[in-house]
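See structure below.
Please read all numbers here as calculations on a predicted model, not as lab measurements.
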Protein chains: 2
Amino acid sequence: MTSTPRNRPAKRATILDVAAAAGVSRQTVTRAMNEMPGIRQATRERVQELARELGYTPSRFAKGLVQGAHTSVGLAIPGLTNPYFPAFASSVVEMATQRAWNVVMDDFGHGSGSALDAVARLAPQVDAVIGYLGPDAEEAQAMLGRRPVVVLDEPAGLTAGGISFDYPYAARLALDRLLAVGSGRIAYMDSVTEEGSLTARGAAVAGVASDLGIDLTVFRSEDSAHASREAVESLLSRHAGLDGLLVFNDLMAAGALKALAGSGRGVPDDCAVIGMDGIPLGELVTPELTTLSLNLRDVGRTAVDLLDGLLSGAVVAGSAEADLRLRHELVIRQSA
Amino acid sequence: MTSTPRNRPAKRATILDVAAAAGVSRQTVTRAMNEMPGIRQATRERVQELARELGYTPSRFAKGLVQGAHTSVGLAIPGLTNPYFPAFASSVVEMATQRAWNVVMDDFGHGSGSALDAVARLAPQVDAVIGYLGPDAEEAQAMLGRRPVVVLDEPAGLTAGGISFDYPYAARLALDRLLAVGSGRIAYMDSVTEEGSLTARGAAVAGVASDLGIDLTVFRSEDSAHASREAVESLLSRHAGLDGLLVFNDLMAAGALKALAGSGRGVPDDCAVIGMDGIPLGELVTPELTTLSLNLRDVGRTAVDLLDGLLSGAVVAGSAEADLRLRHELVIRQSA
DNA sequence: ATGAAAGCGCTAACAC
DNA sequence: GTGTTAGCGCTTTCAT
């Protein structure tokens, strides 16, 4: 067995190995690898060739240590299952890429626990975190110390920055629409929370409904199309006269559409339906979903811009400028 | 202005700053920060408190340099827009998290160029890459040197590992089904490629159709529901008698469903439709989509397991064990 | 065009 | 229980 000495390198080759092999100093290797001036073309090529043969890859740690490295941001989201989150993630990745940041993703949707676990995993790897952290946001900020956390769907509070949504405004838009298309017996389906209380969206909808003199039926479902479908089926058996439905998000609204169709009700004629989020899925279901739409690219851009400001010092953590609020837009399609 | 001296720290605090502030050695700081033994509780707390005040965060580079660091894998995917990719990404992230790996995501869907650009951005940051790299796979491997690349939907070739799909098998399943439900005039909608040739899926479908004596109509569309819808509308005007349609993926199939409904055709009665991928979207559209389904959690797990083997040396790069092939399963719902 | 020295911030190993 | 000494692998001076 006299084959190549290092088919499966036990230890990674270092710059010194390459330097030794080439019979030059390590600086020369650096110059060759990084396309720096002050080196003869022939030397450069010889070194590069040797580096390839040895399977040499500069250590990102050593490099980062000495150079101060590119910023890397952690993205913490509660699962990629609801299309909303990938859409958001996509825009964050896009914006981050433009700045030559890299994004480390952690999805705490599956068994992997809470938002806090995700942040704990991310903490040693990143310079900042953007995420849907819910009530864990402040503890996440504590975990990151001075490194900024930008929370979504939550006011900044003790975190460096926050982007929240104007739910009362959105609720008003939706409820007005439902009224306008003639709905009289309106229900709102909220997502379940750990504490059993209403979500921020739910609270806003309930508040506006009361202002409008609407006798709102509120019920809950897990955040999935399947669960939502069952919840609506069950609701329908109790409230047969339901003729207007506002739903926590579009994915759940899609499930609701299924339930309504299954019960023989026409949408929007027998019951109007409005979702929330504005994800592309809404255009693929039948009937197409009227929804409170968020421009997810804007949300992603806003988050990254805010983080950029925080990182550069242009925006002060916890200041009013760091606590943004975005609005939904009512996109009218077929379901209401 | 005699406020706190370091509201916006110009330079990050280092371990030495904390040590100096606490009047201890840096080793003691290390012990305090990392919950190591051999330190008095009081000292530990005092140091931690000081660290927090100074906003000290251990440099991940220095730490990585000295400790050999956790592996981090790059995930390169062509956009998060098609729900297929987030579903895949989600399972990769989940599996990676179980191994305490972290995943750096790069989405080259938007303006950010080709798969190769993504790999170039990832290269200095990661120990390996998993991705839908298409024809760029081998060049990506060259870019990474000895670090393994696992390509998806592509045989391994010159990359360390590959996971491909048995399209002839899948095509057979679908075409048999279409024949079984009585389709006689069958079309296949492929995705467009840069070279204008058929995709691997398209080639397999065409091959099997020819074996089966089917006179297959092949047409193309961009990979989006919208484009697909238009492509089908246009096809319908040319081939009014179409009664069976197999589609490149589920997202495009959803668009096809819209076109069919818009033309007044019933699915599956007037025209049966079969998609490919098995994403959850298929259950949300009307009628629910019959599809060639891939268990995406399996695909993700397989990719991560393979990478694990490659990284540990248990699997040899380029060997037969590193070139896996998975099969689709026909999930019969309503559309065919 | 190339090399030598210094040091980035941290932890492992061994003192004391 | 705490401090000291060595590096980890690289790039930045500053020589030569």
Measure from [atom1] on [X] to [atom2] on [N] and round the result to the nearest Å.
X       : N      : atom1 : atom2 : result
B:Leu16 : D:dT4  : CG    : P     : 12 Å
A:Leu65 : C:dA6  : CG    : P     : 18 Å
A:Ile15 : D:dT12 : CD1   : C1'   : 12 Å

Should [X] be listed as having a side-chain N or O under 4.0 Å from OP1 or OP2 of [N]?
X       : N     : answer
B:Ser59 : C:dG9 : no
B:Thr28 : D:dG3 : yes
A:Ser25 : C:dG3 : yes
A:Lys63 : D:dG9 : no

Looking at residues 30-48 of chain B, who's got a heavy atom less than 4.0 Å off DNA chain C? B:Thr30, B:Asn34, B:Met36
With nearest nucleotides of DNA chain D determined for A:Thr14 and B:Gly23 from heavy-atom distances, which residue corresponds to the more 5′ nucleotide? B:Gly23
By nearest atom, which of the nucleotides C:dG3, D:dG9, C:dA5 is closest to the A:Val66 side chain? D:dG9
From the list D:dG3, D:dT11, C:dG9, which nucleotide is the closest neighbour of the side chain of B:Gln27? D:dG3
Please identify each residue that fulfils side chain to side chain donor-acceptor pair (under 3.5 Å) with B:Arg301, with sequence neighbours left out. B:Asp298
Suppose the criterion is ring-ring contact (aromatic ring centres under 6.0 Å, His included): which pairs have a residue in residues 69-101 of chain A, not counting sequence neighbours? A:Tyr84-A:Tyr132, A:Phe85-A:Tyr132, A:Phe88-A:Tyr132
Answer with base, sugar-phosphate or nothing: what part of the nucleic acid does B:Gln67 contact at a heavy-atom distance below 4.0 Å? sugar-phosphate
Would you list the pairs meeting salt bridge (Lys or Arg N to Asp or Glu O under 4.0 Å) in which at least one residue belongs to residues 63-72 of chain A, sequence neighbours left out? none
Taking only residues at least two apart or on different chains, which pairs with a member in residues 129-138 of chain A satisfy salt bridge (Lys or Arg N to Asp or Glu O under 4.0 Å)? none
For B:Glu49, give me all partners under salt bridge (charged side-chain N to carboxylate O under 4.0 Å, His left out), at least two apart in sequence or on another chain. B:Arg52
CZ/B:Arg44: more than 12 non-hydrogen atoms of other groups inside 6.0 Å: yes
Do any N or O atoms from the side chain of A:Gln141 and from the backbone of A:Ala160 form a donor-acceptor pair under 3.5 angstrom? yes
